[in-house]
Amino acid sequence: MRSPIYHFLFLFFLCIWIAESEDPSGQFCGDSTKIKNTEIYKNIDSLLPKLVLGTSQYGFITTSYGKGESQVYGLAQCRGDVSSEDCSTCIQDAANEIRKRCPNQSDSRIWYEYCFLRYSIQNFFGQVDTGFGIYYYNVQNVTDPDPDTFNKELGALMDKISSDAIMPGNKGLGKAKTKLTPFNTLYGLVQCTRDLSKQGCAECLSIAIGNFPTFCNDKKGCRVLYSSCYLRYELYPFYFPLDSQESIVGAPMNYHSTIVYKP
Ligand SMILES: *[C@@H]1O[C@H](CO)[C@@H](O)[C@H](O)[C@H]1NC(C)=O
Ligand SMILES: *[C@@H]1O[C@H](CO)[C@@H](O)[C@H](O)[C@H]1NC(C)=O
């Protein structure tokens, strides 16, 4: 049986953020003790193509495969601002990688910059899950504007885009930018999984934002990976569509991560 510390150590080695979108940002390989029969593996293999197809078509899917004790539930979703081509590529990569990275687990999750995929033998649809999370933070501290001003602006931006994310029709997505100084613009994006209620989405986002002072304090950029929501802010453009003068720059290498795990 794998202990939480094993997960912690394993994920710790992902601690340097690598900007390539085809590399996962993180993974969680949950309990393997619940795998009772090989039927579950077969069901996972049948579930994955359904997840890929549904996500490529609609950007989001929850579905299940199999019956009784071997039924497997899956959720897959792309970030709402990503093109359908990037979405489709991302979710195919996710489906390929998750079985390699979590070969014997019945509760597996994989995060990419553009998409998220998860399956489990428990029905987790609609439940807020912040038990496992990864916080990636830019090691550089903000200097312009001063941290107090920055944090006020960050708080206001997060409030605004969180309200957008829970609005019906926005599919769990909120994104906006705000000019801080003549030279610095703050970009923020939040995305809830689309199975959540309005309240569930708000809860996930507020837990993550509430942890900013602990894990992202005064940092120039931070991103939060939970199973129910994703948040990111940066002092450079990273979400779509881009303004004509903007381009997506590869994220700098100076990101470290903190794993949060409450089994
Ligand atoms: C995981 O499953 C594979 C094949 O399904 C098996 O060969 C391997 O021994 C298993 N690993 C563990 C750690 O149980
Ligand atoms: C950022 O600020 C923290 C707390 O003030 C400090 O410990 C850390 O060394 C600073 N990081 C850099 C890269 O200057």
Side-chain angles (χ1 to χ4, degrees), residues 8 11-21 23-26 79 81 111-113 116 128 130-166 173-192 201-240 242-243 245-262:
F8 181 85
L11 283 150
F12 189 73
F13 290 108
L14 290 169
C15 92
I16 303 297
W17 167 255
I18 297 163
E20 299 299 318
S21 63
D23 288 325
S25 313
R79 226 174 65 186
D81 61 312
W111 289 262
Y112 283 75
E113 191 45 38
F116 171 66
V128 179
T130 54
F132 176 87
I134 309 175
Y135 286 75
Y136 280 101
Y137 58 93
N138 190 326
V139 293
Q140 291 185 324
N141 296 318
V142 69
T143 50
D144 177 37
D146 64 276
D148 282 349
T149 309
F150 179 83
N151 286 324
K152 270 192 208 106
E153 295 283 355
L154 176 63
L157 183 68
M158 285 294 150
D159 279 354
K160 178 193 160 10
I161 61 181
S162 299
S163 317
D164 290 346
I166 63 172
L173 175 72
K175 61 188 170 80
K177 59 185 171 181
T178 182
K179 207 164 172 62
L180 302 177
T181 69
F183 304 106
N184 278 327
T185 299
L186 178 63
Y187 299 79
L189 179 146
V190 298
Q191 174 76 66
C192 290
C201 176
E203 184 186 335
C204 189
L205 296 176
S206 87
I207 289 170
I209 294 165
N211 281 333
F212 277 4
T214 310
F215 301 117
C216 316
N217 195 32
D218 298 345
K219 298 306 177 197
K220 280 188 172 177
C222 201
R223 119 187 52 185
V224 185
L225 279 48
Y226 278 136
S227 305
S228 295
C229 63
Y230 166 98
L231 297 84
R232 183 172 177 186
Y233 74 81
E234 305 285 357
L235 289 171
Y236 54 82
F238 66 90
Y239 61 68
F240 301 101
L242 295 159
D243 283 352
Q245 74 275 20
E246 292 174 349
S247 60
I248 298 270
V249 290
M253 292 290 282
N254 50 355
Y255 284 76
H256 287 185
S257 75
T258 308
I259 311 289
V260 182
Y261 187 30
K262 294 167 287 179

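Keep in mind that what you see is a predicted model, and the values were worked out from it rather than measured.
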Check your understanding: SG-SG distance between C204 and C192 under 2.5 Å?
Key -> no
Practice item. Determine if the SG-SG distance between C216 and C222 falls under 2.5 Å. Key: yes
Side-chain contact, heavy-atom cut-off 4.5 Å: [X] with [Y]?
X: Y233; Y: M158; value: yes
X: F150; Y: L186; value: yes
X: D164; Y: L173; value: no
X: F215; Y: V260; value: yes
X: N211; Y: Y226; value: yes
X: T149; Y: L180; value: no
X: I259; Y: F132; value: yes
X: S25; Y: I134; value: no

Report the distance from atom [atom1] of [X] to atom [atom2] of [Y], rounding to the nearest 0.5 Å.
X: K220; Y: Y255; atom1: NZ; atom2: OH; value: 9.5 Å
X: I161; Y: L231; atom1: CD1; atom2: CG; value: 7.0 Å
X: D218; Y: D146; atom1: CG; atom2: CG; value: 9.5 Å
X: D81; Y: Y239; atom1: CG; atom2: OH; value: 9.0 Å
X: T178; Y: Y187; atom1: OG1; atom2: OH; value: 10.5 Å

Check your understanding: Would you call the rings of W111 and F116 parallel, tilted or perpendicular if under 30° counts as parallel and over 60° as perpendicular?
Key -> tilted
Exercise for review: Please step through salt bridge (charged side-chain N to carboxylate O under 4.0 Å, His left out) for the pair K152 and D148, ending with a clear verdict.
Suggested key: CA-CA 6 Å; K152 270 192 208 106; D148 282 349; 5.9 Å; no
Check your understanding: If only atom types and distance count, is the side chain of K175 paired as donor or acceptor with the main-chain N or O of F240 below 3.5 Å?
Key -> yes
Point to revise | Sidechain-backbone polar pair: N184 side chain, L235 backbone, donor-acceptor under 3.5 Å | key: no
Check your understanding: Shortest non-hydrogen contact from G188 to L157?
Key -> N-CD2, 3.7 Å
Practice item. Specify the closest pair of heavy atoms between Y135 and I207, including all atoms of both residues, with the distance to one decimal. Key: OH-O, 4.3 Å
**Study point:** N141-K219 side chain donor-acceptor pair, cut-off 3.5 Å
**Key:** yes
Point to revise | R223 charged N/C atom sitting above F238 aromatic ring, 6.0 Å / 45° | key: no
Point to revise | Y230/E113 under side chain to side chain donor-acceptor pair (under 3.5 Å): CA gap, chis, key distance, verdict | key: CA-CA 10 Å; Y230 166 98; E113 191 45 38; 2.4 Å; yes
